[in-house]
S.K.: 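The structure is given below, and queries will be raised subsequently.
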Amino acid sequence: QKKDRKTHQGRCTHWLLKDIERKRRELQVLTATSSSRDRKVALMEEELAKQHNLVGDLLRCTLLDRNYPLAEEHYKQGLKICRKLAAIAKRNVDKEIHLNNSIAILTSLGHLYGRWHREGDAMEVYEDALESMRSNIVAHGSTPWRQEMRAKILTAQGELYNDQYEFQGRGPDKGNCKVAKVLGEEALAINRALNV
């Protein structure tokens, strides 16, 4: 069953990579004949960003170190597209969609760095995701999805503090344990509020 899942993941990744190449070629043709602000171009780029994120997830979930650089590249490609679309959209309603997508990709990238034992990069990316989330909440208001995503990021940060000491074979660091506890409690409070 495990072997079947790996085969399925490999096939999915292969077809997604082929589809990404096809979409890139279509986008080149489309942007040559349309404005980069054209709705059709934006929709295709948004779809491309989602596919980059999905490929990144599939590669990250293989748990093979050799796949991590490619996963990182796909997450960064997706993030670049989302940020570009958010900048173009400016105060448009679409901007918050692109911001939500970029926060989701940042969180996935943080998970990748954590698994790759690049704790400093993971923390930086999680902080970036939280800062983007705070800005998004201030600009567009709070939603259950945003609060749930915020709780997930806080939980991931807390787990990272605990995991890095376990990986390094050291005893728990009191300061970081306190930080992890605070992050966990904040995430728990958000989840409780969502489930009331």
S.K.: Can you tell me how far CD of Glu26 sits from CD of Glu21, rounded to the nearest 0.5 angstrom?
M.R.: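 Going from the CD atom of Glu21 to the CD atom of Glu26 covers 12.0 Å.
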S.K.: For residues Leu160 and Gly114, report the shortest heavy-atom separation together with the two atoms involved.
M.R.: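 Closest approach of Leu160 to Gly114: CD1-CA, 3.8 Å.
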S.K.: Give the C-alpha distance, both sets of side-chain angles, the deciding distance and a yes or no for side chain to side chain contact (heavy atoms under 4.5 Å, CB included) between Val55 and Leu59.
M.R.: CA-CA 6 Å; Val55 170; Leu59 291 166; 3.7 Å; yes
S.K.: Which of these passes side chain to side chain contact (heavy atoms under 4.5 Å, CB included) with Ser102: Leu85, Leu79, Asp128, Asn136?
M.R.: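 When Leu85, Leu79, Asp128, Asn136 are each tested with Ser102, the side chain to side chain contact (heavy atoms under 4.5 Å, CB included) holds only for Leu79.
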S.K.: Would Leu64 end up clustered with Trp116 when hydrophobic side chains under 4.5 Å apart are linked, directly or stepwise?
M.R.: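 No, because Leu64 and Trp116 fall into different hydrophobic clusters, even though each may have its own neighbours under 4.5 Å.
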S.K.: How many angstroms lie between atom NE2 of His52 and atom CG of Leu17, to the nearest 0.5 angstrom?
M.R.: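 His52 atom NE2 to Leu17 atom CG measures 9.0 Å (nearest 0.5 Å).
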S.K.: Step by step, would you call Glu127 with Gln157 a side chain to side chain contact (heavy atoms under 4.5 Å, CB included)?
M.R.: CA-CA 9 Å; Glu127 279 303 318; Gln157 279 184 307; 2.8 Å; yes
S.K.: Rounded to the nearest 0.5 Å, what separates atom OG in Ser132 from atom CD1 in Ile103?
M.R.: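 Reported value, rounded in 0.5 Å steps: 5.0 Å.
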S.K.: As an exercise, state the distance from OH of Tyr126 to CD of Glu159, rounded to the nearest 0.5 Å.
M.R.: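 Nearest 0.5 Å value for the OH-CD distance: 8.0 Å.
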S.K.: Indicate the atoms forming the closest heavy-atom contact of Leu48 with Lys23, along with that distance.
M.R.: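 It is CD1-CB, 3.9 Å.
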S.K.: Please report the shortest heavy-atom distance between Val125 and Gly110, naming the atom on each side.
M.R.: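 Residues Val125 and Gly110, closest heavy atoms: CG1-N, 3.6 Å.
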S.K.: Is a donor from one side chain sitting under 3.5 angstrom from an acceptor on the other, for Glu47 and Gln51?
M.R.: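 On atom types as modelled, these side chains do not qualify, holding no pair under 3.5 Å.
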S.K.: Could you grab the distance from atom SG of Cys82 to atom CD of Glu45, nearest 0.5 Å is fine?
M.R.: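 CD of Glu45 is found 10.0 Å from SG of Cys82.
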S.K.: Do Tyr113 and Leu63 land in one hydrophobic cluster if side-chain heavy atoms of ILVMFWY residues count as linked below 4.5 Å?
M.R.: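 In one cluster: yes.
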S.K.: The test is side chain to side chain contact (heavy atoms under 4.5 Å, CB included); show your working for Ile81 and Asn101 and say whether it passes.
M.R.: CA-CA 10 Å; Ile81 293 167; Asn101 290 341; over 6 Å; no
S.K.: List for me each residue that meets salt bridge (Lys or Arg N to Asp or Glu O under 4.0 Å) alongside Lys76, sequence neighbours excluded, and say none if there are none.
M.R.: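 By the salt bridge (Lys or Arg N to Asp or Glu O under 4.0 Å) rule, Lys76 matches Glu72.
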S.K.: Quick one: does any side-chain atom of Ser108 pair with a main-chain N or O of Ala104 as donor and acceptor, under 3.5 Å?
M.R.: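 Yes.
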S.K.: Does the side chain of His74 come within less than 4.5 Å of Asp57's, by heavy atoms?
M.R.: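 Of all side-chain heavy-atom pairs linking His74 with Asp57, none is under 4.5 Å.
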S.K.: Where is the tightest heavy-atom contact between Arg60 and Ala71, given as atom of each residue plus distance?
M.R.: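 Minimum heavy-atom contact is N-CB, 4.1 Å.
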S.K.: Do you know the tightest heavy-atom contact between Thr107 and Ala129?
M.R.: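 Closest approach of Thr107 to Ala129: OG1-CB, 4.1 Å.
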S.K.: Indicate if Met44 and Leu54 have the same hydrophobic cluster label, given that clusters are the connected sets of ILVMFWY residues with side-chain heavy-atom separations under 4.5 angstrom.
M.R.: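 In one cluster: yes.
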S.K.: Are the aromatic ring centres of Tyr75 and His111 under 6.0 angstrom apart?
M.R.: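 No, too far apart.
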S.K.: Would you sort out whether Ile153 and Arg150 count as a side chain to side chain contact (heavy atoms under 4.5 Å, CB included), showing the intermediate values?
M.R.: CA-CA 5 Å; Ile153 299 165; Arg150 190 164 151 251; 5.6 Å; no
S.K.: What are the two closest non-hydrogen atoms of His117 and Glu119, and how far apart are they?
M.R.: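 Answer, listing the atom of His117 first, then Glu119: O-OE1, 3.0 Å.
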